[in-house]
Structures are given as C-alpha cells and as structure tokens.
2 protein chains.
Amino acid sequence: MVNRKEQIVNRATYCIKKHGYDSFSYKDLSDMVGITKATLHHHFPKKEDLGIAVCERIKVKFEDLTNQIDQLQEAKEKFIFLMENLPNELGEGDICPISSLQSEYNIIPASMQALITQLCNIEYSLLLDILEAGIADGSFKFSGSPESMAMVIITAYKGALQYSRAMNNDVIGTVVEQIFKLVLSNEEISLK
Amino acid sequence: MVNRKEQIVNRATYCIKKHGYDSFSYKDLSDMVGITKATLHHHFPKKEDLGIAVCERIKVKFEDLTNQIDQLQEAKEKFIFLMENLPNELGEGDICPISSLQSEYNIIPASMQALITQLCNIEYSLLLDILEAGIADGSFKFSGSPESMAMVIITAYKGALQYSRAMNNDVIGTVVEQIFKLVLSNEEISLK
DNA sequence: GTCTATACAAAGATAGAC
DNA sequence: GTCTATCTTTGTATAGAC
C-alpha cells in the first residue's frame, strides 16, 4: 500500500490524461485503486481537492525536470532532453494533463485554473531559457523571437498529442522531428 | 424559429467549444434554446445523434471554406485566409471543436470518433495543398517537408487556442505571426 | 413540435460503525 | 483508513397528452 494518497493522485492523473477531469468519477478510481468511494473521499473530501493535488504533483515533476536539465551542459542537449520529456510519462494515446485541463478550463474550479496557469508559465520559461541559450551559443537558428518560437513549439507539441488520437500517422514523431529542423542550425539531426 | 434542428446544433457546437461534449447537458441546451429537454430528445433522440450532427456541420463548414479558398489565386493569399479562418467562428476563449473532441476522444462514441478522424484529414489536406503550391511558386520557404510543416502548423494553431485560456499574453496572435515567419520566404509580413 | 411527468442510473458527497 | 449505507442532484432518456 505504501502511500495511498500518492497512489490515488497517480490514478487520477492517469484518468485525466485518458478521459479528462469531468469525465472520470470516484467510482472509476474506486475500481482502479481497490478501495471504496467513501475512502477516497476520506483522502480527498472534494473532487477539487484531488484535482489540486494532481496539479501540484505535475509542478513537482517540472521541478525534477528542471533539475535534470540543469545538469546538462549544451543547449542542444537540453533541448533534445526536454523534447523527449515535456509531458511526464505519457502512455500510448495519452495527452498531456495540462492540455486536458486547458480543454476543460471553463468547468474546473478557480483553484485549479490558477495552478494550470502556473504550470503553463513554468513550462514556457523552461523552454524559453533553453532557446535563448541556443541562440546565444549559435547552435540554434530560426526566424522570429525565442519567445514566439517557444510558444509555437509548446503548442505544436501538445496539439500533436491530441491529433495523434484521431490521425493514423505518427503525428507526434513528425512534429518533433520538424521542430528540430526548424530550430537547430545544423539540420542533420536524427532523433533517437 | 426557422430551423430548430440547426439552432440546436449551433448551440451544441457552442457548448463543445466552451465546455466539451461530456460536460454539457440537454438541460443546458434546454435553457439556451428555450425548449424542454423532451423536445430536444424529439429532435436528437440520443446525445450521440446530436454529437454526430455537430461533426457533420463542421464538415459542411470545411467544404465552404475550401470553396472560398479555391476562389483565391495566390498560395500566399490562400494561406493567410486559412490562418484567419481555420476553426470556424470562434469567440473569445473558445477552442476549436475538433480539438475539444480530440481531448474527449476516448469517451465519445465510435461514430463520432470516425467523423473526427475525417475532419482532421480534410483540414490537413486543405493546408497541405496550399503549402505545396507555395513551395512550387516560390512564395514559401521552410526546412522539412510540406507534410511535416502542415502538421506543425495545425497542431500549433489548435494548441495555441487552448493555451490562450490559461496564459495572459496573446498566444494565438503570437503563434500565428511566428508561423508566418517560419513559412513565408519574404519575412516582412504584417498580418491585419 | 412541444409539453408535463416520470423513470433510471450515475455522480459527488456525508454519517457513522469498525 | 476503511467500510456499509444513504442522501441529493444531475444527466440521459421515455411515455403519453396537446
């Protein structure tokens, strides 16, 4: 059992990536975790409390990611690492939980909306810093500002995860590869 | 009253752009349209029937858009027009209904999933044709294939609409401007 | 086409025992 | 922490009258 709270948050995050916040229920979690709805309510009285915990957990994951990236030297290395790890641990057909909650932005509680805004800004800053470093050291080259390019990269990446669900081809692979072509000054890149 | 069915589909589309398919109810529509839930069920017996009608309507809108674009001469004109009209008639804070349904892909009926796939492909082909024409006549210039670039553009555009909800700055404006910089060979473009 | 009334299931949530 | 039992509200849907 170890840490039940953590286990619940994990399963809830899974549900948000698969089905969305409004579309999963305590009944679903009850089945997955193997405890009753009442027990779930003991740990997270309101669904909002659970939603907040999910967002906080993503925030921690971003801090981990930032630390990992800080250990890398070159902007190019950092960029490739980020592109491979932007949304934490996605399974086949999963979308980024942040994207999922953006879609449902108008129906989630204000407390969660504020956290989503924070997460978007953290993610954006993380990428922007890398782009600026890459421009500075000459390993990146693209039209427009690093700010604009960062927004295009994040939105394309997240959008690609969503499109992957409905399109047959490897949308996310195609998009990531194209992003590399648009950003790296040396176009001869083969990812993985 | 004119055409009640159409009116209902319009309102349902609105709800999907604002809240998502699973998160709006016949009660919501009842209040908006001013008829009872029972009457709504008379027009669209199951919610799935209404969902299908919404998708079919988007398909018609794409046909209209294609016709409008066919009347334009230059690839560049076509591209700008498409970028201004990709998702039909969005209000402030709306996301593209296709994106919304991609987020909920795992919970919508198979009939709707198939239609969403169709819509994604129609939209992609529309953009791809324009990019290929622009490359052919020299008005566009970018690294990578038109296929990859088309995917980046569509996913960034749709992703930007979602990010606009959570971020303060003008995400969609920034992204569209940056896309122009990445695609047009003459970088001196000011949109609108 | 539209209504009232109603059925039925699911969702979020609480009380109280163990 | 976990359970059984229960409550309340909402969502989808149907029956039958006007």
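Heavy-atom basis, side chains included; hydrogens, waters and symmetry copies ignored. Chain naming here is simple, since letters A, B, ... match the order of the sequence lines and numbering starts at 1 in each.
A cation-pi arrangement is present between B/Lys47 and B/Tyr21 under the rule of less than 6.0 angstrom and at most 45 degrees off the ring axis.
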- Report the C-alpha separation of B/Phe24 and B/Tyr14 in whole Å, then their side-chain angles, then the decisive distance to 0.1 Å, and conclude whether the ring pair (Phe, Tyr, Trp, His ring centres under 6.0 Å) test is met. CA-CA 10 Å; B/Phe24 84 86; B/Tyr14 173 86; over 10 Å; no
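The side chain of A/Ser25 lies closest to C/dA11 when the candidates are C/dA11, C/dT2, D/dT2.
Under the 3.5 Å distance criterion, with hydrogens and angles disregarded, no donor-acceptor pair is assigned to the side chains of B/Gln178 and A/Glu147.
Hydrophobic cluster membership differs between B/Ile107 and A/Leu90, with clusters built from Ile, Leu, Val, Met, Phe, Trp and Tyr side chains linked at under 4.5 angstrom.
Protein atom OH of A/Tyr26 is 22 Å distant from nucleotide atom P of D/dA5, rounded to whole Å. Regarding A/Lys27, its NZ atom lies at a distance of 14 Å from the C1' atom of C/dG12, rounded to whole Å. A/Ile8 has its CD1 atom 10 Å from the P atom of D/dG1, to the nearest Å. Atom C1' of nucleotide C/dG1 and atom CG of B/Leu29 are separated by 17 Å, given to the nearest angstrom.
Taking the centre of each ring, A/Tyr26 and A/Phe44 stay at or above the 6.0 Å mark. Checked against the 6.0 Å centroid criterion, the rings of B/Tyr124 and A/Tyr163 do not qualify as a close aromatic pair.
Contact check on B/Lys61 versus B/Glu89 returns a salt bridge, with a Lys/Arg side-chain nitrogen under 4.0 Å from an Asp/Glu carboxylate oxygen.
Residues from residues 102-115 of chain B that place a heavy atom under 4.0 Å from any atom of DNA chain C: there are none. Within a heavy-atom distance below 4.0 Å of DNA chain D, the residues of residues 37-47 of chain A found are A/Ala38, A/Thr39, A/His42, A/His43.
If you run side-chain hydrogen bond (donor to acceptor under 3.5 Å, both in side chains) between A/Gln118 and each of A/Gln113, A/Lys59, A/Glu123, only A/Lys59 comes through.
The phosphate of C/dC3 (OP1 or OP2) has a side-chain N or O of B/Thr36 nearer than 4.0 angstrom.
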